[in-house]
Amino acid sequence: MMQKTLRIHPNGPFDLKLTIQSGQTSQPPWKFVNGEFQELLMIQGKPCFIGIHQKPDDLDGPLTLRAESKYEIEDDEIRSKVCEIFDLEHDLMELYSFLESSEKLQPTIGFCRGLRLFKAQDPFECIISSICSANNSIARWNKSILQIKEKWGDEFDFASGEFHSFPSPETLMKVPEHDIEEMELCGCIGEPSDYKENLKSCGVGYRCSYMKEAARMAHEEIDITKLGDMDYDNAFNEVLKFPGVGPKVADCILFYGYGMGQAFPVDVWIGRIISALYFKREEIKPPKARTFGMEEFGEHAGYVQLYLFHYARKSGLLESLKKK
DNA sequence: AACCAGGTAATCG
DNA sequence: CGATTACCTGGT
């Protein structure tokens, strides 16, 4: 049994708790136990428990990492996986000088210092999570994704607890859609409501068929590993082919799943914030807000979206935008 | 009890 | 094409 403790020094400030709990569409928050955030990570195909600890309010200090696996995994493999998920090599001070240069964006820094991209550990998980998040509340899609992992992911046991991986496209595409289908599969015994091992019972609603079909496409039609090597526009058009994926979800997938910083996901709130800050509150349609964001913020678009939303949430701007 | 929640797909003029 | 509308579900 491999057990080791590592340290990581982020490039600039990092707020672990804020980042994990900021509701990004990549994955639900990690489990929080004994002052550390925990998750199962597949590192080069090897299941590995990771516990990350950050001293409270020590946004500029190093992180302490606890890793546990029955496989032997190099320190650098573990570090690079964690660095990738939290975008720790990204120079945030460079982002901040960009934000400082703008009168509109400068105020976000004080509210969001240390907030980073919370990338999915695997693109497929991000695709499904993002589809699930559309027209949905954070609490509900988080719950759905956790159930999907528990029901169809592989279970791995560690000294620190048991965890489930996210199911593969092939596994997910074969999952029964609803209780009726599952009951028929099991020989029609009992009532439909007795059956819980189906996608609909995870509370995904009408997104059910989208998620199953997206899983099938990821398995047999679209090479989702290749998306990361494509340029942004091609990748955008490619992910739009998945059912349940429109412009907003596509941008989420490219940003949270593939780390493409020029993506600018526009939901109702970002639309209202952009309208309030840059268009004298006149109504702006999502495509226009998206184009504006991409041209105005360039490679920082994704982060600006992240910072604007959390700034608006904490500063009270969001509240003021609710009432007309 | 209507109404809303971090959109999308289907339908209509 | 641009504009409307239905849609699962869990919460107020």
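In what follows, chains are A, B, ... by sequence order, proteins preceding strands, each numbered from 1.
Here B:dG13 sits opposite C:dC1 as a Watson-Crick or G-U wobble pair (both hydrogen-bonding atom distances under 3.5 Å). Base pairing of C:dC8 is not made with any nucleotide, judged by Watson-Crick or G-U wobble geometry with both donor-acceptor distances under 3.5 Å.
Distance check on atom C1': C:dG10 versus B:dA1 gives 15 Å, rounded to whole Å. Rounded to a whole angstrom, the distance from the P atom of C:dA6 to that of B:dC3 is 13 Å. Nucleotides B:dC4 and C:dC7, compared at atom C1', are 13 Å apart to the nearest Å.
In this structure, A:S137 and A:F242 both approach DNA chain B, and ranking their closest nucleotides by distance from the 5' end singles out A:S137. Between A:P265 and A:Y210, the residue anchored closer to the 5' end of DNA chain B is A:P265, taking for each the nucleotide with the nearest heavy atom.
Among the heavy atoms of the strands, none lies under 4.0 Å from A:V266. Residue contacts shown for A:S209 are absent, as no nucleic acid heavy atom lies under 4.0 Å away. Looking at heavy-atom distances under 4.0 Å, A:I270 makes no contact with the nucleic acid at all. Across all strands shown, A:P286 has no heavy atoms under 4.0 Å from either base or sugar-phosphate atoms. Backbone-only contact: A:G246 has heavy atoms under 4.0 Å from sugar-phosphate atoms and none from a base.
Side-chain contact annotation: A:D87 with A:Y303, donor-acceptor N/O pair under 3.5 Å present. Judged purely by distance below 3.5 Å, without hydrogens or angles, the side chains of A:S168 and A:T171 pair a donor atom with an acceptor atom. A:Y232 and A:D251 are linked by a side-chain donor-acceptor pair at a separation below 3.5 angstrom, with hydrogens and angles left out of the test. A donor and an acceptor atom, one from each side chain of A:S130 and A:K248, are nowhere located under 3.5 Å apart.
Residues A:I145 and A:M42 are members of separate hydrophobic clusters, defined by side-chain heavy-atom contacts under 4.5 angstrom among Ile, Leu, Val, Met, Phe, Trp and Tyr. Linking ILVMFWY side-chain heavy atoms closer than 4.5 Å, directly or via other members, places A:F124 and A:M260 in a single hydrophobic cluster.
For DNA chain C, the contact window with chain A, defined by any atom under 4.0 Å from a protein heavy atom, covers C:dA3 to C:dG10 in 5' to 3' order. Chain A approaches DNA chain B within less than 4.0 angstrom (heavy atoms of the protein), and the contacting nucleotides run 5' to 3' from B:dG6 to B:dA9.
Relative ring orientation between A:F158 and A:F49 is described as tilted, the plane-to-plane angle lying within the 30° to 60° band. The aromatic rings of A:F292 and A:F297 sit perpendicular, their planes meeting at an angle over 60°, well past the 30° parallel limit.
For the pair A:I85/A:V82, no side-chain contact is recorded, criterion being any heavy-atom separation below 4.5 Å from C-beta on. Residues A:K143 and A:I138 are not in side-chain contact: their nearest non-hydrogen atoms beyond the backbone lie 4.5 Å or more apart.
A:Y307 does not carry A:R313 over the face of its six-membered ring by the limits of under 6.0 Å from the centre and within 45° of the normal. In this structure, A:K70 is not positioned above the aromatic face of A:F156 in the sense of NZ or CZ being under 6.0 Å from the six-membered ring centre and within 45° of the axis.
Sorted by residue number, the members of residues 300-311 of chain A with any non-hydrogen atom under 4.0 Å from DNA chain B read A:Q305, A:F309.
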